[in-house]
Amino acid sequence: MSRELTHFIGGQHRAGASGRFGDVFDPSTGEVQARVPLANQNEVDAAITNAVVAQPEWGDTNPQRRARVLLKFLELIAKDTDTLAKTLTSEHGKTLADSRGEIQRGIEVIEFSVGAPHFLKGEYSVGAGVGIDVYSMRQPLGVVAGITPFNFPAMIPLWKLGPALASGNAFILKPSERDPSMPLRIAELFLEAGLPAGVLNVVNGDREAVDAILHDPRIKAVGFVGSTPIAQYIYTTATAQGKRAQCFGGAKNHLIVMPDADLEQVADALIGSGYGSAGERCMAISVAVPVGRETADALAAVLVERVRKLKVGSPLDDASDYGPLVTAAAKTRVEGDIASGVSEGATLLADGRGLVVEGHEQGFYLGPTLFDHVKTDMRIYREEIFGPVLLIARADTYEAALAMASNNPYGNGVSIFTRDGDTARDFTTRVNVGMVGVNVPIPVPVASYTFGGWKQSGFGDLGQYGADGFRFYSKTKTVTSRWPSGIREGASFTIPTVH
Ligand code: NAD
């Protein structure tokens, strides 16, 4: 009998009451290891009610004290990282080292969010008019929600929780139903760190829970990360309900290889970013764009060699470069994408289908797959694959490569490898993509900047974390005051102006 997971509402674990459950797999063995309750509207309602009750006192707590709760959380999560990484790996399938890295990237945003007293400072103008001072303050929104994907079950919730909690909001987290244990553990650690019960609630579920969140007027903002069609749905629905929304979607990230690039360095970058975490990263590089035939031929030859040496195996084995995909359904979908690439005429240089990992025969493993001569009208180029599949789409010139990345409907990340500063500068300025790397394959910005894709990769006008995180999770109030109060100018029937 598999374990039964819970929700976390009002500081307590709550068993599911809807009677609906989802399976949580161990992707490395293919076994069901737990059942996750899928919340109904009443359960979401209970979570929101708890949050509504808890938020005012938390919002009134001064930012420095709120930051101290985050500091305590950092201490607790640091102590627990190895155990957390095992939990994460057991449900997601990424290697232990990668799970530790993910937790660390989440921690960095909490560290940044400790700066809340600074980020929530207002402005003050003395004497904006006769006896008039103007100042602004940043206040919490109230109760906000986050809906997060399976591929970063620790990092992405932490990206949202840092600025949202530090700004004084209460939070409803609806994590992915594929790997819900990390978010539950994060909620426990926050409670232990001193976050008042009810300020952070975790509601597990699927579309029913999401719709309950979207249609509840007590939720003031929704932050989403996941696939593009759902991002669009949530953005449209949330904003139509008058909520603030930032919704991040899928990706197709290109890496431009200029003829002057160091090919071994490029191969390291492509192999790590294309196949790491079985390609289940929104910032994975999925398209290599070599410029010129010579570069393309040389790159293809180097990559074939490197792909052959990749070790796919149990994510608990330190020797594995990457582990299984998250579910059997994900594996079947990617196998279908590979078949479509073949039938559309791309050259299959390495085929990962049919891989069997000894001792893990039922695991959701897929070997590394490499295509060459991919054209931009092929389905494998147009759609996100989200698996260990790397495409080579050749470009004749730098301008053609730049146009390819810029014209792709997605605009999350892009990278260029070159030794020429002029080209790099031209590329970073002109490319129509939100996050750009120069000789860096996965340009996920550090916590003090902000993460945000463009075009079909991001809906809404503010990025995640960094100063944008605080802007998203707080609202500005501006006060115009006149002292001494005795100043009299008589009744005025025109709009006040500064004179
Ligand atoms: P997903 O869109 O299937 O699920 C994301 C969340 O939405 C989950 O919590 C899920 O329960 C919920 N959801 C799913 N279907 C829904 C529906 N019909 N109505 C309402 N809610 C629904 O995404 P996923 O498979 O968990 O994650 C992978 C995707 O996320 C990829 O497309 C990847 O590129 C993207 N991603 C993007 C970023 C980014 O920052 N741009 C980061 C990580 C992942």
Side-chain angles (χ1 to χ4, degrees), residues 20 22 24 27 36-39 44 91-94 102 105-106 109 145-160 172-180 182-183 202-215 222-238 245-253 277-286 325-327 329-331 333-334 337 383-387 408-414 433-435 442-445 450-460 462-466 468-469:
R20 292 198 307 126
V24 179
V36 59
L38 304 175
V44 174
E91 292 183 355
H92 178 284
K94 62 177 72 175
E102 159 173 357
R105 288 302 297 246
V109 170
I147 299 159
T148 52
F150 83 84
N151 68 324
F152 287 108
M155 181 182 84
I156 292 181
L158 291 173
W159 283 4
K160 300 191 175 307
I172 308 293
L173 176 61
K174 207 304 285 168
S176 169
E177 60 276 44
R178 314 252 171 273
D179 40 15
M182 275 304 296
V202 180
V203 185
N204 284 305
D206 55 7
R207 180 170 180 165
E208 191 173 333
V210 171
D211 282 342
I213 288 170
L214 293 177
H215 290 97
V222 177
F224 171 87
V225 181
S227 58
T228 290
I230 313 296
Q232 264 171 321
Y233 166 70
I234 288 178
Y235 185 73
T236 330
T237 315
Q246 53 170 207
C247 299
F248 298 95
K252 200 81 184 172
N253 305 316
S277 196
E280 291 176 324
R281 289 183 184 137
C282 64
M283 289 293 273
I285 294 291
S286 47
L325 292 173
V326 68
T327 55
K331 179 181 166 180
R333 192 199 66 239
V334 179
D337 289 338
E383 294 177 11
E384 182 180 43
I385 295 176
F386 222 57
N408 190 278
Y410 294 108
N412 217 33
V414 71
V433 172
M435 292 172 282
I442 303 185
V444 177
T450 196
F451 183 106
W454 290 1
K455 301 181 277 180
Q456 298 288 304
S457 299
F459 305 89
L462 288 169
Q464 307 192 78
Y465 66 76
D468 268 15

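Computed from a predicted model, the values in this text were never measured in an experiment. Ligands are counted one by one from 1 in listed order, and the atoms in each one are counted from 1 as well. In this chain, numbering begins with 1 at the start of the sequence shown.
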Nearest protein heavy atom with distance in Å, relative to [atom]:
atom                    : answer
atom 40 (O) of ligand 1 : Phe451 CE2, 3.0 Å
atom 19 (N) of ligand 1 : Arg207 CG, 3.4 Å
atom 35 (C) of ligand 1 : Gly226 O, 3.1 Å
atom 42 (C) of ligand 1 : Cys282 SG, 2.9 Å
atom 15 (N) of ligand 1 : Ile230 CD1, 3.6 Å

Approximate separation, where rounding is to 0.5 Å, of [X] [atom1] and [Y] [atom2]:
X      : Y      : atom1 : atom2 : result
Arg207 : Tyr233 : CZ    : OH    : 3.5 Å
Leu38  : Glu177 : CG    : CD    : 6.5 Å
Asn253 : Ile442 : CG    : CD1   : 9.0 Å
Glu102 : Asn151 : CD    : CG    : 8.0 Å
Ile147 : Ile156 : CD1   : CD1   : 13.0 Å
Thr237 : Leu214 : OG1   : CG    : 5.5 Å

Geometric N/O contact [X] with ligand 1, under 3.5 angstrom:
X      : answer
Glu384 : yes
Thr148 : yes
Phe150 : yes
Trp159 : no
Glu177 : yes

Tell me whether Ile156 reaches ligand 1 (any heavy atom closer than 4.0 angstrom to a ligand atom).
yes
Pro175 touching ligand 1 at heavy-atom level, < 4.0 angstrom:
yes
Quick one, [X] and [Y] - any side-chain contact, counting heavy atoms below 4.5 Å?
X      : Y      : answer
Val225 : Lys160 : yes
Asn412 : Met283 : yes
Ser286 : Glu384 : no
Met182 : His92  : no
Tyr465 : Pro445 : yes
Leu158 : Val109 : no

Atoms in ligand 1 flagged as close to [X], the criterion being non-hydrogen separation under 4.0 Å:
X      : answer
Ile147 : 6 (C), 7 (O), 9 (O)
Phe224 : 2 (O), 5 (C), 6 (C), 7 (O)
Val210 : 20 (C), 21 (N)
Lys174 : 8 (C), 9 (O), 10 (C), 11 (O)
Phe248 : 39 (C), 40 (O), 41 (N)
Asn151 : 43 (C), 44 (C)
Gly250 : 32 (O), 34 (O)
Ser176 : 9 (O)

Measure Asn412 to ligand 1 on non-hydrogen atoms and call it side chain, backbone, both or neither using the 4.0 Å cut-off.
side chain
Side chain, backbone, both or neither: which part of Glu280 comes within less than 4.0 Å of ligand 1 when only heavy atoms are counted?
neither
Does Thr228 have any side-chain contact (heavy atoms from CB on, under 4.5 Å) partners at least two apart in sequence or in another chain, and if so, which?
Gln232, Tyr410, Gln456, Phe459
Protein heavy atom under 4.0 Å of atom 27 (O) of ligand 1:
yes
Heavy atoms only: which of Ser227, Gly146, Gly249 lies closest to atom 2 (O) of ligand 1?
Ser227
In chain order, what residues pass the side chain to side chain donor-acceptor pair (under 3.5 Å) check against Gln246, with sequence neighbours excluded?
none
